[in-house]
A.B. asks: 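Quick one: structure below, then a few questions.
Just so we're on the same page: letters track the sequence lines, and every chain starts at 1.
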Number of protein chains: 2
Amino acid sequence: MPQDDRATEPTTTELIAVIVAVTAREPRILTVDGHSLPAGAFLSGYRSLQASLRGWVEKQTRHTLGYIEQLYTFADHGRTGNDRRTISISYLGLTREAEAARGASWQGWYRYFPWEDHRAEPRQAAAMEQALRAWADAGGSAAIRGQRRSRAAYTFGLEGHGWNEDLVLHRYELLYEAGLVEESPEFCGAITLGTAMRHDHRRILATGIARLRAKIKYRPVVFELMPPEFTLLALQQCVEALAGRRLHKPNFRRLIAQAELVEETGGSEAETGGRPARLYRFRRDVLLERAFGGTKLPVARSR
Amino acid sequence: MPQDDRATEPTTTELIAVIVAVTAREPRILTVDGHSLPAGAFLSGYRSLQASLRGWVEKQTRHTLGYIEQLYTFADHGRTGNDRRTISISYLGLTREAEAARGASWQGWYRYFPWEDHRAEPRQAAAMEQALRAWADAGGSAAIRGQRRSRAAYTFGLEGHGWNEDLVLHRYELLYEAGLVEESPEFCGAITLGTAMRHDHRRILATGIARLRAKIKYRPVVFELMPPEFTLLALQQCVEALAGRRLHKPNFRRLIAQAELVEETGGSEAETGGRPARLYRFRRDVLLERAFGGTKLPVARSR
DNA sequence: GGCCCTAATACTCTAACAGAGCATAAGGGG
DNA sequence: CCCCTTATGCTCTGTTAGAGTATTAGGGCC
């Protein structure tokens with residue numbers, strides 16, 4: 001469509017994957033050589049990109065990829081440091097963890113986003129808030145300073161605004177603008193917030209986390225990350241790990257129960273440290289019954 | 001990433017745009033030669049794809065594009081009838097209608113999706129429901145017939161399920177599978193549901209409509225489609241046009257009021273047919289204050 | 001001028017649900 | 001046998017979406 005005077009440009013196209021598993025209450029992602037997301041040219045022979053991705057990941061992880069969804073297509077010039085424009089079509093995939101193939105490894109995602117884990121008080125919270133304040137105060141005019149302050153307060157849940165776990169990408173972008181992450185051209189080095197990743201992979205991961213956190217609230221995708229049988233506490237802890245916040249136990253159980261997403265297996269788990277817990281399995285048939293939409297797993301706030 | 005045995009494939013990449021305006025209570029989209037969405041190779045000289053798209057559309061429509069968002073990247077093989085794989089990165093853009101440039105024209109989107117307009121009883125409702133039932137009954141096994149029935153009922157709000165306006169894409173895909181739209185390889189021609197579009201453009205449009213319907217509920221994007229000053233009824237009718245359903249007037253007003261998204265201009269509109277209505281304008285500053293997220297414009301259900 | 005029609009604007013009622021707390025049950029270990 | 005831990009079940013409350021009703025202010029018509 002842009003029949004413009006400018007020339008069209010040579011491009012490279014690749015797929016890039018955010019593969020998530022949850023192990024021992026920690027969300028983990030598949031990385032390759034150092035801190036890169038797995039990426040590569042995509043292949044003919046597959047009808048769709050999803051099929052291509054699925055085939056590849058299943059080979060790598062020996063688990064079937066329960067869920068795949070396209071995230072975003074990144075194409076800004078200069079994002080790979082290359083002179084050509086690189087178009088990266090990113091996907092989110094959910095599995096359970098298996099031994100990673102040679103060259104690949106699983107990493108907890110909070111090492112890249114320590115400020116996103118609000119299950120306990122985040123580590124560098126005070127230092128980060130101070131750095132954000134400093135950034136706001138460095139604005140050129142009173143109007144800009146005010147905007148920066150309220151944006152930071154809103155995005156990071158300061159000044160009584162309440163933490164919103166879905167704003168992962170907005171927070172990363174604010175930190176990028178403020179020069180508080182290594183990838184930023186204005187990075188000042190005053191504090192180091194999390195581990196940097198190659199190119200803009202941390203932004204892509206932020207996109208994936210944001211999408212997943214939003215998704216678990218209205219689609220029953222968590223179950224793709226769970227073993228076939230699980231206790232309700234294990235399910236809750238999986239959701240808590242993803243959302244980065246604690247949930248109210250009685251409400252969580254009530255909501256799961258009334259959504260009719262799970263059924264008892266009859267078995268129970270004794271290693272709880274207290275009363276044994278009943279085991280449940282996901283009712284796969286709900287995916288057919290209520291095909292798409294509406295099947296919400298409501299993430300009650302609080303605690 | 002897919003370091004597979006299969007070869008990588010030559011591809012073509014293009015941008016494709018769903019440009020929406022609302023005029024006289026009808027959502028309209030910009031089309032080019034017949035029923036195609038505007039598309040084309042993208043250009044160097046712009047840092048981002050969004051910038052490229054914005055520049056082009058503003059030239060075409062003489063209105064600034066108030067809002068742009070990436071929709072989805074379509075890349076399935078065979079989608080353009082071509083032998084090469086075509087990657088189309090689609091965008092949603094919101095404007096107000098101006099005279100279209102040569103070759104382009106504005107079309108009401110419900111001509112492509114008549115079943116999506118539930119502001120009044122949709123035209124071919126009975127015929128479509130019958131065709132869906134026939135498709136369900138043609139399933140190979142009892143299990144498949146049951147699944148098809150419940151999926152159709154859920155997706156189209158039959159059998160007491162309640163209409164969900166967000167399921168635009170799911171409905172289109174179901175009709176495609178059922179061979180009830182012209183683009184489908186199994187199209188039987190028994191009934192004609194809406195006007196077909198080139199290639200898979202109708203699917204792309206469905207993606208855009210679905211996204212926009214979901215978006216207006218939690219981000220104040222409707223205002224990009226409104227003139228600078230408007231009455232609350234005009235605003236409500238714009239939302240109704242997009243959502244394809246009637247809203248409850250008192251609730252709509254209450255919600256707008258408590259969201260503090262608009263302010264009175266002091267003027268009033270006399271041509272209402274009744275009591276004159278106050279004029280309002282969008283408070284642009286809320287976009288800065290509550291930068292991103294959370295600013296919901298709650299679309300109250302019903303009548 | 002008064003009546004009526006229309007639409008704008010304002011207020012009230014109710015059911016559902018999220019958020020939060022408390023009470024009881026059922027294991028293991030000292 | 002008591003105590004600690006976690007599982008499980010139930011209750012209370014404030015908020016809000018959904019729905020209905022009442023009043024106000026114009027224009028047109030007799």
A.B. asks: By side-chain hydrogen bond (donor to acceptor under 3.5 Å, both in side chains), which residues pair with Arg254(A), not counting sequence neighbours?
C.D. replies: Asn251(A)

A.B. asks: In whole angstrom, what separates Phe252(B)'s CZ from dT9(C)'s P?
C.D. replies: 13 Å

A.B. asks: Just how far, in rounded Å, is P of dA16(C) from CG of Leu255(A)?
C.D. replies: 16 Å

A.B. asks: If I take atom CZ in residue Arg245(A) and atom C1' in nucleotide dA18(C), what distance separates them, rounded to the nearest angstrom?
C.D. replies: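 Those two atoms, CZ and C1', are 13 Å apart.
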
A.B. asks: Expressed as a whole number of angstroms, how long is the span from Lys217(A):NZ to dA18(C):P?
C.D. replies: 13 Å

A.B. asks: How does each nucleotide of nucleotides 7-14 of chain D score, in 5' to 3' order, for protein heavy atoms under 4.0 Å: base (B), sugar-phosphate only (S), or none (-)?
C.D. replies: BBBBB---

A.B. asks: CD of Glu271(B) versus P of dG27(D): gap in Å, rounded?
C.D. replies: 10 Å

A.B. asks: Which pairs, with at least one residue in residues 261-284 of chain B and sequence neighbours excluded, count as a ring pair (Phe, Tyr, Trp, His ring centres under 6.0 Å)?
C.D. replies: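 Matches after skipping sequence neighbours: Phe223(B)-Phe282(B).
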
A.B. asks: Is any side-chain heavy atom of Glu116(B) closer than 4.5 Å to a side-chain heavy atom of Trp163(B)?
C.D. replies: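 Sidechains of Trp163(B) and Glu116(B): in contact.
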
A.B. asks: Taking atom C1' of dA7(C) as reference, at what distance in whole Å does atom CD of Gln236(B) sit?
C.D. replies: 12 Å

A.B. asks: Can you sort out the partners of Tyr112(B) under side-chain hydrogen bond (donor to acceptor under 3.5 Å, both in side chains), two or more places apart, ordered by chain and number?
C.D. replies: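 side-chain hydrogen bond (donor to acceptor under 3.5 Å, both in side chains) check on Tyr112(B) returns His35(B).
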
A.B. asks: Can you tell me the distance, in whole Å, between the CD atom of Gln237(B) and the C1' atom of dA7(C)?
C.D. replies: 11 Å

A.B. asks: What is the distance, rounded to the nearest whole Å, between atom CD of Glu269(B) and atom P of dA7(C)?
C.D. replies: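 Computing the Glu269(B):CD to dA7(C):P distance gives 13 Å.
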
A.B. asks: Who passes side-chain hydrogen bond (donor to acceptor under 3.5 Å, both in side chains) against Arg278(A), sequence neighbours left out?
C.D. replies: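 Once residues adjacent in sequence are excluded, the partners of Arg278(A) under the side-chain hydrogen bond (donor to acceptor under 3.5 Å, both in side chains) criterion are Glu264(A).
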
A.B. asks: Applying side-chain hydrogen bond (donor to acceptor under 3.5 Å, both in side chains), name anything that partners Arg281(A), two or more places apart in sequence or on another chain.
C.D. replies: Glu263(A)

